[in-house]
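Only a predicted model underlies this, so the values are computations on that prediction, with no experimental measurement involved. Just the heavy atoms: all of them, side chains too, but no hydrogens, waters or symmetry mates, feed the values below.
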Amino acid sequence: MAQESTPPPVTPPPPPSLEQAPPSPAMVKDKGDLPPPAPAPAEEADSPGAKGKELQGPTLPPPPEGEQKDSRSSSLAAMMEKEESVLSPQPPPEEKTEVTEKSAATKEEAVAVADADTGKEKQVQENKVPQTLVSFKEESNLVSDLSDIERKALEELKQLVQEALNSHQFSTAPPKKEERLSVIITQEAQTTQETSKTEASASESDVSTEIKPPAETQESKVEETPEKESQEVAKEEQKAVSSPEEITIWGIPLLKDDRSDVVLLKFLRARDFKVRDAFVMIKNTIQWRRDFKIDELVDEDLGDDLEKVVFMHGYDREGHPVCYNVYGEFQNKELYQKTFSDEEKRLKFLRWRIQFLERSIRKLDFSPSGISTVFQVNDLKNSPGPGKRELRLATKQALLLLQDNYPEFVAKQVFINVPWWYLAFYTMISPFMTQRTKSKFVFAGPSKSAETLFKYISPEQVPIQYGGLSVDFCDCNPEFTIADPATEITVKPATKQTVEIIIYEKCFIVWELRVVGWEVSYSAEFVPDSKDAYTIIITKPTKMTPTNEPVVSNSFKVGELGKILLTVDNSTSKKKKLLYRFKINPFSD
């Protein structure tokens, strides 16, 4: 017989104040930022040379000449390139001295003993979802919170950026002074030679009419023109130095206020606070943004065909806006062909993804104490998988751009409804990831997806399709919004859970309730305080299945004091997650 547990009576919460209510959700996917890659099969991994050919054409503007983009081993794009090396056989080690061989033999014996003891344990753990050993904690962007080394690196980078702005290094630089003078002198010399040839031919036809200009006049003409041009170049350079150029990244002007520090810190952290590397990355990003015409792209109308593939919804418990990437939408063959069937369509998808990201970033708070990162949720349910070559090419191109031009924009990467093949892929690329990258990753299978999301996001902020209570804003649910908090209760196996809502006045009460996955019985009743009154059955005990409506909404007009009892009977052997919230609106006769 099921045991019954009743929590302490729930008193009606006070109406939420404006200060407690979260901001309205902005309709805004390390380096990656943003959507995670569709993993490529190892046998199809491209070589570096092939990758270079693949990125030719209009899809990816070339980096500025003279600059080298340093690649990081932590980037997923690089990891995808290393799959082949992982699967390829390693060359045998060279022979060592006898002492080394004995030492190695001793170690091998110890390892063999350990493997024999833990072999079974490893075999069991192979199919488990990888666990994050150390959770990533976002660093502060306040200068006062930085270490001495970090603060020094920031000041050095700011100095380099200021010098570059003063000398217009970020823009397309005009020819240098020496080059321009050399061109002018060459042109004058050619003109002089042509004049000499003309005079020579004239002297042959009529020697008596030959008139030679003074040599001093010709030399002074050649010398005066370069000198005059040199003065003009000097004036232009002096004017450029006196008026530094203005550069903006993600809508933030460089070195205009403290928001610029947050931008520079993203590049520094992406390059482990190596100032020169961070400066090169900034220059490459600025050049790419100019070539890709980002500022114009933001205002373009690229349609809304992919609004269900990537969308922003709600905030996590720390205030980060949440971005959902739904790969299962590409099971629609028509949408897949429309998006990835040829290079032109893949370029349009890339532009749409960059546009979505830019619009989302510009709604973030870049103040030092603000939130300038995004919480990523990647839904892999019904994902096309690694066999879709077109999708793999598109995500690979997007990943290369994101990791090079949008560093440190992901606070956490949560993968839900993870299939077995993705776990195998992650196991293969995990050795090439830094601890910082791996600490941002969280994986959850289908049965644990909602529970995992609730660790980071409140249920009222989680979309209804992922186990939460939040629906799109519409007239179908006028009583509750994303700002109305919900209560979570874990219902143990083979137990009943009763929620008591005590009524202190005549009122009209409305509530929402759901059990993730259902497979429980649900009932609701009103019990008056008066001993002579009868209990009123609001909802008879009903067996709820996963095919029922995910959320139960109900209301009741209370004419006397008493309590509302919401009962969930979990007769299964699994624990269940119960979510509920309610509102009380007093009324008078």
Side-chain angles (χ1 to χ4, degrees), residues 1-16 447-448 450-451 453-455 458-462 464 467-470 477 479-480 484-587:
M1 185 173 182
Q3 300 176 358
E4 183 173 353
S5 61
T6 303
V10 179
T11 58
S447 62
K448 298 288 186 181
E451 181 181 348
L453 288 180
F454 295 156
K455 291 180 180 178
S458 300
E460 67 271 12
Q461 301 275 347
V462 176
I464 196 169
L469 298 174
S470 180
N477 186 32
E479 296 294 340
F480 296 97
D484 297 316
T487 302
E488 305 174 52
I489 297 178
T490 300
V491 184
K492 297 180 180 179
T495 60
K496 285 184 179 180
Q497 185 73 52
T498 301
V499 176
E500 292 186 0
I501 304 175
I502 299 177
I503 306 299
Y504 295 104
E505 58 184 333
K506 295 180 180 181
C507 64
F508 187 83
I509 181 172
V510 60
W511 67 88
E512 280 186 340
L513 179 144
R514 84 173 293 178
V515 175
V516 180
W518 286 115
E519 295 182 339
V520 297
S521 293
Y522 161 72
S523 63
E525 57 187 8
F526 174 71
V527 180
D529 287 344
S530 176
K531 294 182 180 179
D532 299 332
Y534 294 96
T535 298
I536 301 175
I537 303 298
I538 302 173
T539 302
K540 294 180 179 180
T542 305
K543 182 70 175 179
M544 306 295 291
T545 65
T547 58
N548 290 110
E549 288 293 326
V551 178
V552 171
S553 299
N554 213 332
S555 61
F556 184 71
K557 184 177 181 179
V558 181
E560 57 182 317
L561 303 184
K563 56 187 176 182
I564 298 288
L565 301 180
L566 308 177
T567 303
V568 172
D569 184 1
N570 179 20
S571 59
T572 69
S573 59
K574 300 178 181 179
K575 63 181 181 179
K576 298 288 184 177
K577 181 68 71 174
L578 166 64
L579 311 173
Y580 73 93
R581 57 183 172 177
F582 63 92
K583 281 184 176 181
I584 292 179
N585 301 313
F587 72 90

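- Partners of E519 according to the side chain to side chain donor-acceptor pair (under 3.5 Å) rule, which considers only residues two or more places apart in sequence or in another chain, are K576.
- Among residues at least two apart or in separate chains, side chain to side chain donor-acceptor pair (under 3.5 Å) pairs with a member in residues 520-530 are W511-Y522.
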**Request:** Given side chain to side chain contact (heavy atoms under 4.5 Å, CB included), test V568 with T498 step by step and report yes or no.
**Result:** CA-CA 6 Å; V568 172; T498 301; over 6 Å; no
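- Identified under the ring-ring contact (aromatic ring centres under 6.0 Å, His included) test for residues 524-559, with sequence neighbours left out: F526-F556.
- The shortest heavy-atom contact between P459 and A486 is CB-CB, 4.4 Å.
- L578 contributes atom CG, which lies 11.0 Å from atom CZ of R514 (distance to the nearest 0.5 angstrom).
- Scanning all heavy atoms of the two residues, the minimum distance from S553 to E512 falls at OG-CG, 3.6 Å.
- Taking every heavy atom of both residues into account, G468 and V551 meet most closely at O-CG2, 4.4 Å.
- Distance alone, capped at 3.5 Å, places no donor-acceptor pair between the E460 side chain and the L469 backbone.
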**Asked** Given the rule in the side chain to side chain contact (heavy atoms under 4.5 Å, CB included) test, do F480 and V510 qualify, once you have shown the distances and angles that lead to the verdict?
**Response** CA-CA 9 Å; F480 296 97; V510 60; 4.2 Å; yes
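- Here L513 contributes atom CG and N554 contributes atom CG; the two are 10.0 Å apart, rounded to the nearest 0.5 Å.
- You'll find the side chain of V499 stays beyond 4.5 Å of the side chain of L565, heavy atoms only.
- The side chain to side chain donor-acceptor pair (under 3.5 Å) test applied to T572 returns N570, not counting sequence neighbours.
- The shortest side-chain heavy-atom distance between V462 and S470 does not fall under the 4.5 Å cut-off.
- E560 is linked by a salt bridge (Lys or Arg N to Asp or Glu O under 4.0 Å) to nothing, counting only residues two or more places apart in sequence or in another chain.
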**Request:** Might you work through the side chain to side chain contact (heavy atoms under 4.5 Å, CB included) test for I489 and Y580, ending with a clear yes or no?
**Result:** CA-CA 9 Å; I489 297 178; Y580 73 93; 3.7 Å; yes
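- Taken from NZ in K448 to CG in L453, the straight-line distance is 13.5 Å, to the nearest 0.5 Å.
- Residues V515 and V520 have side chains in contact (heavy-atom distance under 4.5 Å, counting atoms from C-beta outward).
- Taking every heavy atom of both residues into account, L579 and G467 meet most closely at CD1-O, 3.4 Å.
- Residues Q461 and P485 fail the side-chain proximity criterion, which asks for heavy atoms closer than 4.5 Å.
- Every residue was checked against the salt bridge (Lys or Arg N to Asp or Glu O under 4.0 Å) condition with K492, not counting sequence neighbours, and none meets it.
- The distance from the OH atom of Y504 to the NZ atom of K563 is 11.0 Å, given to the nearest 0.5 Å.
- Taking the side chain as every heavy atom from C-beta outward, F454 and V516 approach each other to under 4.5 Å.
- For the salt bridge (Lys or Arg N to Asp or Glu O under 4.0 Å) condition, no pair includes a residue of residues 544-558, sequence neighbours left out.
- Looking at residues two or more places apart in sequence or on another chain, you find a side chain to side chain contact (heavy atoms under 4.5 Å, CB included) between T547 and T545.
- Scored by the side chain to side chain donor-acceptor pair (under 3.5 Å) test, E488 finds R317 as partners (sequence neighbours excluded).
- Counting only heavy atoms from C-beta outward, the side chains of I509 and I564 approach each other to under 4.5 Å.
- Residues satisfying the side chain to side chain donor-acceptor pair (under 3.5 Å) criterion with T490, sequence neighbours excluded, are K577.
- With a 6.0 Å radius and a threshold of 12 heavy atoms from other residues, nucleotides or ligands, K574 has its NZ atom at or below the threshold.
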**side chain to side chain contact (heavy atoms under 4.5 Å, CB included) assessment of L566 paired with I501** = CA-CA 8 Å; L566 308 177; I501 304 175; 4.2 Å; yes
